There are 2 protein chains.
Amino acid sequence: MRTLNPLYPTCPIRNIINRMSDKWSLLILSTLNQNNIMRYKELNAAIPDISQKMLSSTLKRLEEDKLINRKMYAEIPPRVEYSLTKTGKEFMPAVDMMVNWALEHFEEIVS
Amino acid sequence: MRTLNPLYPTCPIRNIINRMSDKWSLLILSTLNQNNIMRYKELNAAIPDISQKMLSSTLKRLEEDKLINRKMYAEIPPRVEYSLTKTGKEFMPAVDMMVNWALEHFEEIVS
DNA sequence: CGGAATCCTAATGGATACTG
DNA sequence: CAGTATCCATTAGGATTCCG
């Protein structure tokens, strides 16, 4: 069964939520949104506590999901640039809304 | 260090994102948002594939985070009603935005 | 430089049985 | 009815090493 009711496991909404519910995806998307184009190393510097493994695998998944572009230049040493796709950019207002809500209510929630 | 820069681990935004990045929180909040007040059993029926353990523990955490109210009646058999707090309700527009984006882009992403 | 491969640990979450 | 408690399997993710 495929339904639009998020209460059922096969729902697209749940599918999407599952993809975003990891430790790094939202953070990487936000970082790219602030900087437009970033190299692998710049992303790693901007998110200092992510491991290389998680940065690589999360970027790969976001690329497969068409939220980010990966552009590789045939140079030595290699250069790779990441940026948001159109779809990725369209997702950011929702992320920003979550972030703003988090800023407003943080004290209340953690206290 | 506590900063508002989400790129650092101590940031409130990351703290909040981590709390929402589990399997069931957003789904439970959405369900409560659609129904206003629900008993434990109704929630379980509405989300058929959640285990009792996860329903209980997620509800508990959401209550601790002041996103939902838990009202218990001293009856036998017991009755417990859950609903969104004011803070919880204010979070829902952001969730709805994510959901709408997911509906628009689902085919593109999973294909 | 931008990864991939491997190994390992910690955390998540499911199944089942039990309880006030 | 509304949960706990326990045990277990799976997965997420970190550290390290190596590669084109």
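Protein chains get the first letters and strands the later ones, always in sequence-line order, with residue 1 at the start of each. Since the model is a prediction, treat every value here as computed from it, not as a measurement.
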- Would you mind classifying the nucleic acid contact of B:Y82 as base, sugar-phosphate or nothing, using non-hydrogen atoms under 4.0 angstrom? sugar-phosphate
For nucleotides 14-20 of chain D, which of its nitrogen or oxygen atoms have a protein nitrogen or oxygen under 3.5 Å away, and what is each distance?
from: D:dG14; atom 1: OP1; to: A:K23; atom 2: NZ; distance (Å): 2.8
from: D:dG14; atom 1: O6; to: A:K53; atom 2: NZ; distance (Å): 2.2

- Query: What is the distance, rounded to the nearest whole Å, between atom CG of A:L55 and atom P of D:dG13?
  - Reply: 13 Å
- Task: Could you list where the contact with chain A starts and ends along DNA chain C, reading 5' to 3', using a 4.0 Å heavy-atom cut-off?
- Result: C:dC1 to C:dC7
- Note on the structure: B:K60 NZ to D:dA2 P, in whole Å, measures 17 Å
- Would you indicate what A:S56 reaches in the nucleic acid, counting non-hydrogen atoms under 4.0 angstrom: base, sugar-phosphate, or nothing? sugar-phosphate
- Does the side chain of B:Q52 pick up a donor-acceptor pair with the side chain of B:Y40 at under 3.5 Å? no
- Message: Need to verify one output field. Residue with the more 5' nearest nucleotide on DNA chain D, B:Y40 or A:S21?
- Response: B:Y40
- Query: Do you know the tightest heavy-atom contact between A:A46 and A:T31?
  - Reply: CB-CG2, 3.9 Å
- Message: Between B:R70 and D:dG3, is there a contact of a side-chain N or O with OP1 or OP2 at under 4.0 Å?
- Response: yes
- Query: Got a salt bridge between A:E64 and A:K60, using NZ or NE/NH1/NH2 to carboxylate O under 4.0 Å?
  - Reply: no
- Heavy-atom closest pair, residues B:W101 and A:E90: CD1-O, 3.5 Å
- Hey, which of these two, B:D22 or B:P77, hits DNA chain C nearer its 5' end, going by closest nucleotide? B:D22
- Would you name the heavy atoms of B:V80 and B:M72 that are closest together and state the gap between them? CG2-CG, 3.8 Å
- Query: B:E63 has an atom CD; how far is it from atom C1' of D:dA2, in whole Å?
  - Reply: 13 Å
- Considering all heavy atoms, the nearest B:N33-B:D96 contact: ND2-OD2, 4.2 Å
- B:N18 and B:R14 side chains, donor-acceptor separation under 3.5 Å: no
- Message: I need the minimum non-hydrogen distance between B:D22 and B:S25, along with the two atoms involved.
- Response: OD1-OG, 2.7 Å
- Item | Remaining members of hydrophobic cluster (4.5 Å side-chain criterion), A:M97 | B:M97
